[in-house]
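Working notes, beginning with the structure itself.
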2 protein chains.
Amino acid sequence: MANIKDVAKAAGVSTSTVSRTINNSPSISLATKERIFSVMKELNYSPNMIAKSLTNNKSYTVTLIVDVEDEKSYQNPFFYEIMHGIERHVYRKEYSLIVANLSSTQKNQSVIEWLIKGKRTDGVILPASILSSAMIEILRKYNIPFVAIGEPVGLKESVSWVDVDNKKGTENAMYYLFEKGYRNIGFLGLNKTQLFSRKRLEGYKSALSDEQHEIDNDFIRECMNTKKEGYQHMIDLLQRDHRPDAIICADSHIAFGAIKACGELHLRIPEDIGIISYDNSQLAEISDPEITTVYVDVFELGLQSAKQLFELIEDPQKIDQGLLISTSIKVRETA
Amino acid sequence: MANIKDVAKAAGVSTSTVSRTINNSPSISLATKERIFSVMKELNYSPNMIAKSLTNNKSYTVTLIVDVEDEKSYQNPFFYEIMHGIERHVYRKEYSLIVANLSSTQKNQSVIEWLIKGKRTDGVILPASILSSAMIEILRKYNIPFVAIGEPVGLKESVSWVDVDNKKGTENAMYYLFEKGYRNIGFLGLNKTQLFSRKRLEGYKSALSDEQHEIDNDFIRECMNTKKEGYQHMIDLLQRDHRPDAIICADSHIAFGAIKACGELHLRIPEDIGIISYDNSQLAEISDPEITTVYVDVFELGLQSAKQLFELIEDPQKIDQGLLISTSIKVRETA
DNA sequence: TTGTAGGCGTTATCAT
DNA sequence: ATGATAACGCCTACAA
């Protein structure tokens with residue numbers, strides 16, 4: 001394959017001139033520039049990124065770390081779309097995207113360290129769940145910019161992150177339900193160990209107090225993201241004297257269980273009971289009735305994380321920031 | 001960061017000696033070898049892969065091409081796991097994995113060509129659906145080994161590929177149903193334009209003739225992978241005089257529709273009607289009853305594709321081959 | 001506006 | 001068993 005020397009020779013100029021036209025330096029006459037471009041086309045020349053990397057000390061590569069062991073994590077069903085969003089921005093920047101699993105260890109070090117030390121990556125996007133202080137220390141030590149997907153919690157350091165606005169999302173769901181006439185709304189699926197879940201609960205509570213409703217703690221149920229637990233709690237809730245007329249489910253699996261419970265108790269959806277869950281379109285659309293959800297634009301989430309990363313790469317002085325992606329209500333059949 | 005020269009200096013040897021110990025050449029005395037290793041540890045040295053790439057003319061990188069526009073493709077729900085399998089093998093080889101979307105074009109060329117010409121990749125894994133002759137021509141022209149996910153169809157060239165053994169999978173599902181006492185089995189979800197679908201039908205037919213059953217063409221239904229169409233065809237099938245007592249669904253969405261139809265006609269599953277679909281565990285497990293499926297080990301699919309790719313990378317003379325991954329029956333509640 | 005030359009970090013060849 | 005040196009393809013002072 002042709003290299004810069006071949007082009008230079010064929011165009012009758014020096015390699016510097018070719019290099020300059022490639023990187024469109026202003027000080028090249030139009031004539032030579034055009035000649036060089038035509039020669040490049042003729043020889044089917046493309047700059048060798050590896051050589052470029054070596055001189056510029058950049059890899060032109062960005063890494064997305066995934067944590068496959070954590071398959072139950074809330075982000076997982078969205079993962080593919082997040083990656084898609086990241087991918088879009090990364091290739092626009094003419095970088096390429098490396099994907100690596102956290103646990104793909106090489107000789108006792110984390111992949112991240114391996115990639116960094118081998119100069120294979122200029123920046124990292126990684127789930128907040130794995131962003132320990134130790135991890136941050138490594139990243140900082142080698143001066144590698146990074147962005148977390150999800151708001152990190154319990155960290156002394158300030159870092160860049162992107163997350164879904166879970167609080168607002170739930171508030172909006174609540175307002176939507178109020179608007180539709182529902183008055184006694186419950187919250188199913190609290191998981192205190194997860195920030196996003198607590199945020200959703202916050203939104204639930206703040207919407208209630210905004211609307212001057214009292215908070216009935218029995219309407220707030222902690223449960224796992226499973227159909228089974230959703231079903232059990234729903235049955236229990238519906239058999240109370242004072243039963244809810246609408247439910248916000250933290251997850252679509254829970255919503256499936258809730259719908260089943262309603263069916264068994266002969267309650268019509270959405271007439272007797274309204275249900276809104278968080279988005280997993282595949283599940284929401286196959287459900288019968290189809291589930292109305294808080295829609296999360298995960299593609300955008302990925303895209304924004306990549307944008308933030310490049311801002312950091314291009315300006316290392318740039319200060320870290322957090323960004324919340326807003327949600328919308330995707331109306332289907334359950335509310 | 002320390003480089004090979006620093007190590008050499010600190011160890012009192014030449015860079016060649018250091019290079020040799022890194023690549024464990026046999027002709028290095030144990031003493032120096034040990035000294036060098038300890039110095040490397042001390043200086044926190046790691047070889048710069050970019051420099052290594054430049055000299056060796058290898059990128060130590062492999063690319064997975066995804067076709068995001070083709071979201072409805074049968075492979076898509078599996079994509080994450082395929083990637084996981086690929087990732088595992090790639091990092092074992094101490095390569096890194098680039099992911100790129102087919103349509104991430106750079107200046108009128110495909111990403112693939114862009115990556116190749118920039119010397120960013122040593123091999124490519126890509127869905128058979130995008131493996132056109134033009135694509136192959138490019139890959140061959142630059143001598144880049146590649147492996148298709150899915151058996152390519154209508155290609156003159158012989159290529160390496162890995163696919164699921166759809167025919168055998170369906171045969172096994174049929175034998176399982178026979179064993180359970182089902183006798184009149186239908187096939188829902190044929191899509192003549194897709195090889196995998198035709199293969200599944202082949203398996204259906206071959207199992208029938210093996211067991212000396214006649215093929216009733218009305219038991220074979222062409223339909224889209226949607227709940228709605230699955231429902232309609234199932235209703236229609238069940239209202240015939242001679243109705244099936246079991247159904248193989250080409251997809252879980254179809255199975256959802258079929259289950260709904262059974263419910264409406266008050267047929268019990270699995271007593272009156274048995275159902276087996278192809279695996280999408282998320283859907284299969286959330287269904288009520290849970291769907292018995294043909295389980296496809298997509299992780300293995302990815303792993304094998306990566307293995308094949310590396311065989312090609314390591315031995316360019318290696319001849320192309322096709323590989324079929326076998327399936328198993330995941331018994332749940334519908335059969 | 002263009003050319004010359006040295007350097008980026010490694011490996012391979014040829015010596016010793 | 002080890003060392004010196006050129007080469008990989010590009011970029012960037014510095015010079016002209």
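Every chain is numbered from 1, with letters handed out A, B, ... down the list of sequences.
- Contact annotation for A:Asn56: backbone-only contact, meaning every heavy-atom pair under 4.0 Å involves sugar-phosphate atoms and none involves a base.
- Counting to the nearest Å, the P atom of C:dT11 and the CG atom of B:Leu54 are 11 Å from each other.
- The A:Thr55 side chain lies nearest to D:dC11 when the options are D:dC11, C:dT10, D:dG3.
- The CD1-P distance, from A:Ile36 to C:dG3, rounds to 8 Å in whole Å.
- The NZ atom of B:Lys9 sits 13.0 Å away from atom OG of B:Ser14, with the distance rounded to the nearest 0.5 Å.
- The CG atom of B:Asn57 sits 16 Å away from the C1' atom of C:dG9 (whole-angstrom rounding).
- Side-chain nitrogen and oxygen atoms of A:Tyr45 include at least one within less than 4.0 Å of the OP1 or OP2 phosphate oxygen of D:dC10.
- Taking the charged nitrogens against the carboxylate oxygens, A:Glu300 and A:Arg88 have no contact shorter than 4.0 Å, which rules out a salt bridge.
- A:Arg120 and B:Ser96 share a side-chain donor-acceptor pair at under 3.5 Å.
- Remark: B:Ser14 is in phosphate contact with D:dG3, judged by side-chain N or O atoms under 4.0 Å from OP1 or OP2.
- Where A:Met1 and B:Arg35 meet DNA chain D, the nucleotide closest to each residue was compared, and B:Arg35 sits on the side nearer the 5' end.
- Of the candidates C:dA5, C:dG9, D:dC10, the closest approach to any side-chain atom of A:Ala51 belongs to D:dC10.
- As judged by a 4.0 angstrom heavy-atom cut-off over every strand, B:Gly12 is placed among residues touching the sugar-phosphate backbone only.
- With A:Leu312 as the fixed residue, the side-chain contact (heavy atoms from CB on, under 4.5 Å) test singles out one of A:Ile144, A:Asp122, A:Val147: A:Val147.
- Shown here is A:Glu137, whose CD atom has no more than 12 heavy atoms of other residues, nucleotides or ligands within 6.0 Å.
- The distance from atom NZ of B:Lys5 to atom P of D:dT5 is 12 Å, rounded to the nearest whole Å.
- Between A:Tyr60 atom OH and D:dC10 atom P there is a gap of 12 Å when expressed in whole angstrom units.
- No more than 12 heavy atoms of other residues, nucleotides or ligands sit less than 6.0 Å from atom NZ of B:Lys307.
- Here D:dC8 presents its C1' atom at 17 Å from NZ of A:Lys52, a figure rounded to the nearest Å.
- Residue B:Lys9 contributes atom NZ, which lies 12 Å from atom P of C:dG9 at whole-angstrom precision.
- Between C:dG9 and B:Asn3, a contact under 4.0 Å exists linking OP1 or OP2 to a side-chain N or O.
- Evaluated for a ring pair (Phe, Tyr, Trp, His ring centres under 6.0 Å) with B:His84, the options B:Tyr91, B:Phe79, B:Phe299 yield exactly one hit, B:Phe299.
- Non-hydrogen atoms lying under 4.0 Å from DNA chain D are contributed by B:Ser16, B:Thr17, B:Arg20, B:Ser27, B:Ile28, B:Ser29, all within residues 16-31 of chain B.
- Note on B:Thr32: a side-chain N or O is less than 4.0 Å away from OP1 or OP2 of D:dT2.
- Atom CZ of B:Arg120 is separated from atom C1' of D:dG9 by 15 Å (rounded to the nearest Å).
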